[in-house]
4 protein chains.
Amino acid sequence: MPNKAFQDTATEAQSCQSICVQSIQYCLQMGGSHVEPSHMQLLQDCAEICETTGTMLLRSSAQHNQVTAACASICELCARSCDRFAGDAQMKACADECRRCAAACQQVAQMRPGGAAGPAHHSVP
Amino acid sequence: MPNKAFQDTATEAQSCQSICVQSIQYCLQMGGSHVEPSHMQLLQDCAEICETTGTMLLRSSAQHNQVTAACASICELCARSCDRFAGDAQMKACADECRRCAAACQQVAQMRPGGAAGPAHHSVP
Amino acid sequence: MPNKAFQDTATEAQSCQSICVQSIQYCLQMGGSHVEPSHMQLLQDCAEICETTGTMLLRSSAQHNQVTAACASICELCARSCDRFAGDAQMKACADECRRCAAACQQVAQMRPGGAAGPAHHSVP
Amino acid sequence: MPNKAFQDTATEAQSCQSICVQSIQYCLQMGGSHVEPSHMQLLQDCAEICETTGTMLLRSSAQHNQVTAACASICELCARSCDRFAGDAQMKACADECRRCAAACQQVAQMRPGGAAGPAHHSVP
């Protein structure tokens, strides 16, 4: 079983993937600025990197570090893109979940698979 | 937003994907009969069709019926494969989740996207 | 290694996934009727079921039948949705690839994993 | 349409995903040291990050840089893991494809979405 931080982040990544998938449909129904290509691209990218992050963490992958770091960055960019729709409850919920996932990913990106913090070997020497 | 039955089944599908991904790692660590190709193939297939089922339901896909039906079948086959490991808690938990997902999928496989039961249009005329 | 029919269909499924992913971006750039929710939903569903179909065939999955059948149906529906954009080269290319993939999937949906045609066991008894 | 470097790397990523998926089945059939958890984990991680990389490049994603960089690292680690099986043709073919994919990913990881080389904005400021 993955350790607790990995498990919790995998759960966050799944929630983030889910809300991004739902947000894509929501934006298509809204139309207008909601279907601007760069916004929709971020929602798609975020859903996919969250999916990969989730499964890597569930299998306690030894090489998760660069992927969780990339996931944190894309979640943050996606949150900022959602922020632009002031007063839109779906976009607000999506931004909030993206930020929770980004925070969780940033934390585990520093961890070794065993879960201890410390200098992670996240590049090929 | 997807209707409640779709949402609940998507959640079940994500849980089933998660436990299958974890079970693959568990089986690799156990070795022996746990890594028999047909068992491992079912765990992989189950994880993947659950992933696709989950995202299709989250976007209230009008063409979910054959996919949710296929997911129900594969989940049931995966559960039976896990059943063979009597007394193994991980395999028992995996089989139980697979059966919950199969039951949920079987139910929504009969539904139109709007969620009403009735003759679903699940093949191309 | 998967048999030739499985391998060829997996290649078709990857090509179909690719053109659907590209078509989603193309449609977002075009806007208007190209981003109609039902059309975009089909492109997304088609990309995802093709991805799952491709990997199941690459691992010569014994339980591919219902999934390849579902893939054939969704590819055909996606092709019809693309057909409506008369004179649009990207949509024409996407429809053509979807039909090639549907034909390939329909053929292997009748096959046992070993590749022989015959009554496939594609439902759980 | 994605530029040529993106398109070529997406094709490489799909080929790498395919051979990793096939290699997982091959290793399960071989058993013994082929199913060592860390080796199998790398093959799974490599298949998944290649899948995500492929679709991000096909949609000319503006935030591909960290993901393509991560993909390059994981492909290289997977190649090294395959190298250990001297005289094994499937593992050799897998290692070769992983290295082609790693090289392609490393190149595009330096590019902006438009394709120009230069300081890529691959982290959130």
Side-chain angles (χ1 to χ4, degrees), chain A residues 13-56 58-59 61 63 67 70-71 74 77-85 88-91 93-95 97-98, chain C residues 13-56 58-59 61 63 67 70-71 74 77-85 88-91 93-95 97-98:
Chain A
Q14 281 192 325
S15 298
C16 194
Q17 181 197 6
S18 294
I19 201 163
C20 286
V21 168
Q22 292 180 321
S23 292
I24 288 167
Q25 285 317 107
Y26 169 83
C27 287
L28 288 168
Q29 243 118 33
M30 295 296 285
S33 62
H34 282 80
V35 290
E36 193 211 309
S38 68
H39 178 59
M40 290 289 278
Q41 193 181 61
L42 268 165
L43 288 168
Q44 291 173 279
D45 288 347
C46 194
E48 285 178 25
I49 195 67
C50 281
E51 152 65 12
T52 299
T53 295
T55 52
M56 284 186 78
L58 285 173
R59 73 169 77 96
S61 168
Q63 41 281 332
V67 175
C71 190
I74 290 173
L77 290 168
C78 190
R80 291 182 195 178
S81 189
C82 292
D83 283 345
R84 295 173 306 129
F85 299 88
D88 183 315
Q90 175 72 26
M91 292 295 96
C94 194
E97 179 53 52
C98 285
Chain C
Q14 281 193 327
S15 298
C16 194
Q17 181 198 7
S18 294
I19 201 163
C20 286
V21 168
Q22 291 179 320
S23 292
I24 289 167
Q25 285 317 107
Y26 168 82
C27 288
L28 288 168
Q29 243 118 34
M30 295 296 284
S33 62
H34 283 79
V35 290
E36 192 210 311
S38 69
H39 178 59
M40 291 289 276
Q41 193 182 59
L42 268 166
L43 289 168
Q44 290 173 280
D45 287 347
C46 194
E48 284 177 28
I49 195 68
C50 281
E51 152 64 12
T52 299
T53 295
T55 50
M56 283 185 80
L58 287 173
R59 73 169 79 96
S61 169
Q63 41 281 333
V67 176
C71 190
I74 291 173
L77 290 169
C78 191
R80 292 183 195 178
S81 189
C82 292
D83 283 346
R84 295 173 306 128
F85 298 88
D88 183 315
Q90 175 72 26
M91 292 296 95
C94 194
E97 179 52 54
C98 285

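In what follows, chains carry the letters A, B, and so on, assigned in the order in which the sequence lines appear, proteins first and then strands, with residues in each chain numbered from 1.
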Which value, rounded to the nearest 0.5 Å, describes the distance between C/Met40 atom CE and A/Gln29 atom CD?
-> 12.0 Å

To the nearest 0.5 Å, what is the distance between CD (C/Gln41) and CD (A/Gln25)?
-> 5.0 Å

How close do A/Val35 and C/Leu28 get, heavy atom to heavy atom, and via which atoms?
-> O-CD2, 3.8 Å

Please look at A/Gln44 and chain C and tell me whether the side chain, the backbone, both or neither of the residue comes under 4.5 angstrom of a heavy atom of that chain.
-> side chain

